[in-house]
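As the structure lists them, so they are numbered: ligands from 1, and atoms in each ligand from 1.
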Amino acid sequence: GPLEEVSLPLYFGWFLLSSIQDKIKCTSMDFLKTLDTLEAFKKHLIDFSGKAEEVDLEQYFQPTGILHCTTKFCNYGKAEGAKEYAEKQAVKDSYGSIFNLSLGALFVTPRTFGARVSLTEEQLQLWPADADAEKQVESVPAAASLPLGSRAHVTLGCAEGVEPVQTGIDLLEILTLQQEGQQGEQVEEMELGTLTYYGTGKWLLNLREPISAPACFSSFYG
Ligand code: A2P
């Protein structure tokens with residue numbers, strides 16, 4: 001019946017607890033504030049505005065709601081593999097449990113702003129089995145050879161008109177470049193860590209101290 005049809009959520013994921021949300025929002029805003037004052041960033045401004053004009057990154061990225069790391073996008077059951085995922089034993093067993101996510105890097109592109117999540121073996125149990133198929137992002141063909149869970153991230157903001165699904169794709173693009181041996185251009189030692197430029201507006205800040213973020217594994221219906 002109709003109830004069954006809506007019994008699958010929009011997505012499953014880890015939802016960051018509110019205390020750490022505030023901390024991450026502060027840290028990430030500080031990072032943006034510093035980034036757009038750096039000479040190295042100004043040199044590549046054209047990637048962001050199409051012009052060599054200054055951008056206010058804090059305004060450029062719009063917040064996207066409650067901070068979370070999506071595991072499986074189900075689209076209320078319409079996404080491939082949604083039902084199988086919801087029925088996984090690990091998913092049922094962990095539903096409502098708290099995990100500690102490790103946020104190891106922040107990244108910025110002209111489209112999205114996100115944090116990379118490094119999943120533990122235990123957390124990878126909740127990563128969808130069809131993630132390989134999911135990784136076959138048309139725009140990033142080489143992503144198929146990245147380790148499972150590479151896409152794991154928290155979306156921190158999106159440029160106007162950009163959907164949050166783009167954040168994971170942008171992360172895969174950066175990781176693909178790294179895997180292909182692109183060192184990037186190490187531009188700055190910041191207080192938070194090392195900032196690297198990967199070309200065409202792609203910036204990655206490797207955090208000196210990964211942020212440990214308590215998060216509840218649950219789902220979102222919208
Ligand atoms: P993300 O995980 O990068 O934040 P929306 O509001 O656009 O429906 O998306 C809801 C959530 O599901 C967002 O967190 C979003 O991106 C994620 N998402 C949306 N579409 C997909 C998709 N096709 N594959 C994986 N995740 C998706």
Side-chain angles (χ1 to χ4, degrees), residues 5-18 20-21 24-25 27-29 31-32 60-86 88 91 94-95 99 101-119 123-124 126-141 143-144 146-176 201-205 211 213 215-222:
E5 280 157 34
V6 295
S7 65
L8 286 172
L10 181 60
Y11 61 89
F12 284 89
W14 288 285
F15 295 81
L16 276 59
L17 302 192
S18 59
I20 195 74
Q21 298 226 15
I24 291 169
K25 280 177 190 160
T27 305
S28 57
M29 283 305 138
F31 169 57
L32 291 186
Y60 186 88
F61 293 113
Q62 339 247 310
T64 51
I66 177 170
L67 298 184
H68 67 275
C69 174
T70 305
T71 52
K72 176 67 185 172
F73 181 71
C74 293
N75 199 14
Y76 308 111
K78 289 195 283 276
E80 206 179 312
K83 191 162 177 285
E84 292 76 4
Y85 180 82
K88 266 169 75 108
V91 169
S94 295
Y95 200 81
F99 291 74
L101 297 184
S102 175
L103 279 50
L106 301 179
F107 57 95
V108 165
T109 78
R111 298 163 298 277
T112 65
F113 176 32
R116 184 182 186 198
V117 178
S118 302
L119 299 176
Q123 291 161 357
L124 277 171
L126 295 169
W127 201 251
D130 61 352
D132 280 334
E134 257 184 27
K135 270 193 301 181
Q136 293 187 356
V137 177
E138 226 169 284
S139 54
V140 205
L146 290 170
L148 196 74
S150 292
R151 189 177 181 155
H153 68 278
V154 174
T155 297
L156 298 171
C158 289
E160 207 184 327
V162 174
E163 300 287 334
V165 64
Q166 184 64 42
T167 317
I169 298 169
D170 286 356
L171 175 59
L172 289 177
E173 256 180 51
I174 293 172
L175 297 179
T176 299
K202 294 192 268 289
W203 299 86
L204 182 91
L205 176 76
I211 300 170
C216 180
F217 180 68
S218 181
S219 61
F220 182 83
Y221 283 82

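Between His153 and Phe107, the ring-plane angle classifies as perpendicular under the 30° and 60° cut-offs. By the 30° and 60° cut-offs, the orientation of the rings of Phe99 relative to Trp14 is perpendicular. Ring planes of Phe113 and Phe61: tilted class, angle from 30 to 60°.
Of the candidates Phe220, Phe73, Tyr76, Tyr85, Phe220 is the only one forming a ring-ring contact (aromatic ring centres under 6.0 Å, His included) with Tyr11.
Put simply, part of His68 is less than 4.0 Å from ligand 1, judged by heavy atoms. Distances from ligand 1 to the non-hydrogen atoms of Gln166 include no value under 4.0 Å.
The Val165 neighbourhood of ligand 1 comprises atoms 16 (O), 19 (C), 20 (N), 21 (C), 22 (C), 23 (N), 24 (N), 27 (C), with distances under 4.0 Å to a heavy atom of that residue. In summary, the atoms of ligand 1 found under 4.0 Å from a heavy atom of Glu163, numbered by their order in the structure, are 7 (O). Interface of His153 with ligand 1, defined as ligand atoms under 4.0 Å from a residue heavy atom, comprises 1 (P), 2 (O), 3 (O). In the vicinity of Thr155, heavy-atom distances shorter than 4.0 Å reach the ligand 1 atoms 1 (P), 3 (O), 4 (O). Atoms of ligand 1 lying under 4.0 Å from any heavy atom of Thr70, numbered from 1 in the order shown and given with element: 1 (P), 2 (O), 12 (O), 14 (O), 17 (C).
Between the side chain of Tyr60 and the main chain of Pro110, a donor-acceptor pair closer than 3.5 Å is present. For the pair Ser28 (side chain) and Lys25 (backbone), a donor-acceptor distance under 3.5 Å is present.
Using a 4.0 Å cut-off between heavy atoms, Val154 makes no contact with ligand 1 at all.
Checked against a 3.5 angstrom limit, the closest N/O atoms of Tyr11 and ligand 1 fall outside it. No N or O atom of Phe73 sits closer than 3.5 Å to an N or O atom of ligand 1.
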| said: One pair to check against side chain to side chain contact (heavy atoms under 4.5 Å, CB included): Arg151 and Ile169. What are the steps and the verdict? | reply: CA-CA 7 Å; Arg151 189 177 181 155; Ile169 298 169; 3.9 Å; yes
